[in-house]
Amino acid sequence: MALIGISLLVASVVYVVIRPPTWLPRRLSTWFSRLIAGSADRSASSSRDSNIPTIAEPSAHDDDGVPAVAPSTPPAKPSQQMATPAVPDIELMPPPPRPSPIQPPTPTIEESESPTTPKALKAPASAMPPPSFTISSDKPSASMLPPPRPHPQPPASASSSMMPPPPPKPPTLAQFPAVNSAQRARGPAPNRGPSGGLVPAGLAPPPTHSSKPNKPSRQVTLDPGHSPLDWARISGPNADLRGLDPSSPYLRVTPSMLKVMTGRKGKDAWMALNGKVYNVTPYAAFHPGGIPELMRGAGRDGTQLFGEVHPWVNYETMLTACLVGLLVDEPTDANVLSEIDQMD
Ligand code: HEM
């Protein structure tokens, strides 16, 4: 039995040697290459020799630039595995070699190689955060508040994490002058108008010649039918209230003639105003100031007295129907002689 077993073993080995299967060479080649690469990396880490490190570097380059498949396939083979076909290696690569050889090269790349590719790789890696910030900042809605916080917080580190930023305090003006200040005015406000009395001040209009003096009224209560409107009705344009014959012309009244017309003793009251003589008897009952006041000017020239009481009253219009004549000087001897000469 032992001989039979040995003979079968020998026969199988001989058969494999004579007619090796198609997959056997490729399998052996990959196995040898990986074995050599592993030994090379370990030797390279300990001591840098000539042949082994050169094999490890190209594999590292491939790992960096291209994902997973690139590193094992192309460059590591050409030097020693020229005879083996490199095409089918892609299918066999995944299982064994990845873990051990690939991890070491990535750190070595950053350390040893700075010339070409790393710059391009580092740039995108470092550029990652900026895009994230920009995305968050582009959102104008509620997400805006959190991102901007970090910026304002450093300056306002003393303040707590309260959301409402330092609310601009409305300028509160202190009362000036203060309530208890001596600069505050005390007592009544200054006089800015005529309400204070007769003293004109401020914006009050200046006193005019026609303004009434601020005196208590002395007007009397007139009897019914004796209002100013009643007087205007009965003293119209065609009225004749002179107390004379309607056919008589206007008289030349001398002061001696005027003096007896006082309203007493059955006579009318005549009054001279600015050179004209009026019979004020019909008007006496319509005089707002009363009859006694009006009679103060009867039988004489009442111009000054009239002006002192109510210079604004238009007496000429009111007493047109009462006009007697003109006040003239007393005739003297010289005047009588002159008049005779004129008659001749
Ligand atoms: C010269 C003799 C006169 C005297 C002393 C005299 C006196 C007065 C007095 C004291 C008043 C009251 C004033 C007041 O409101 O407190 C008055 C009012 C009046 N008198 Fe005579 N008066 C005189 C002649 C006349 C004459 C001849 C007329 C007119 C035609 C006249 C027409 C008036 C009028 C219309 C008022 C009312 C004035 C107003 O309401 O503003 N007065 N008078």
Closer than 3.5 angstrom, by distance alone: can the side chain of [X] be matched with the main-chain N or O of [Y] as a donor-acceptor pair?
{"X": "Arg296", "Y": "Leu305", "answer": "no"}
{"X": "Thr281", "Y": "Ala269", "answer": "yes"}
{"X": "Asp240", "Y": "Arg242", "answer": "yes"}

State, with a plain yes or no, whether a side-chain heavy atom of [X] is found less than 4.5 Å away from one of [Y].
{"X": "Val280", "Y": "His287", "answer": "no"}
{"X": "Asp268", "Y": "Val324", "answer": "no"}
{"X": "Leu327", "Y": "Leu258", "answer": "yes"}
{"X": "Leu326", "Y": "Lys276", "answer": "yes"}

Would you please name every residue forming a side-chain contact (heavy atoms from CB on, under 4.5 Å) with Val260, sequence neighbours left out? Lys267
Are [X] and [Y] joined in one hydrophobic group, where the rule is that I, L, V, M, F, W and Y side chains link up if heavy atoms are under 4.5 Å apart?
{"X": "Met261", "Y": "Met295", "result": "no"}
{"X": "Ile234", "Y": "Leu323", "result": "yes"}
{"X": "Phe306", "Y": "Leu294", "result": "yes"}
{"X": "Trp270", "Y": "Leu241", "result": "no"}
{"X": "Phe286", "Y": "Trp312", "result": "yes"}

Can you measure from NZ (Lys259) to CD (Glu330) and round to the nearest 0.5 angstrom? 7.5 Å
Atom CG of Leu273 and atom CG of Leu319: how far apart are they, to the nearest 0.5 Å? 7.5 Å
Compare every heavy atom of Pro255 with every heavy atom of Asp329, then report the nearest pair and how far apart it is. C-CD, 4.1 Å
If you compare all heavy atoms of Ala285 against all heavy atoms of His226, which two are closest, and at what distance to 0.1 Å? CB-CD2, 3.3 Å
If you apply the rule side-chain contact (heavy atoms from CB on, under 4.5 Å), what do you find for Asn279 with Leu244, and how did you get there? CA-CA 10 Å; Asn279 183 3; Leu244 301 175; over 6 Å; no
Is it true that, when you exclude Glu308 itself, more than 12 heavy atoms of the residues, nucleotides or ligands shown sit nearer than 6.0 Å to its CD? yes
In terms of relative ring orientation, are Tyr283 and Trp231 parallel, tilted or perpendicular, with 30° and 60° separating the classes? perpendicular
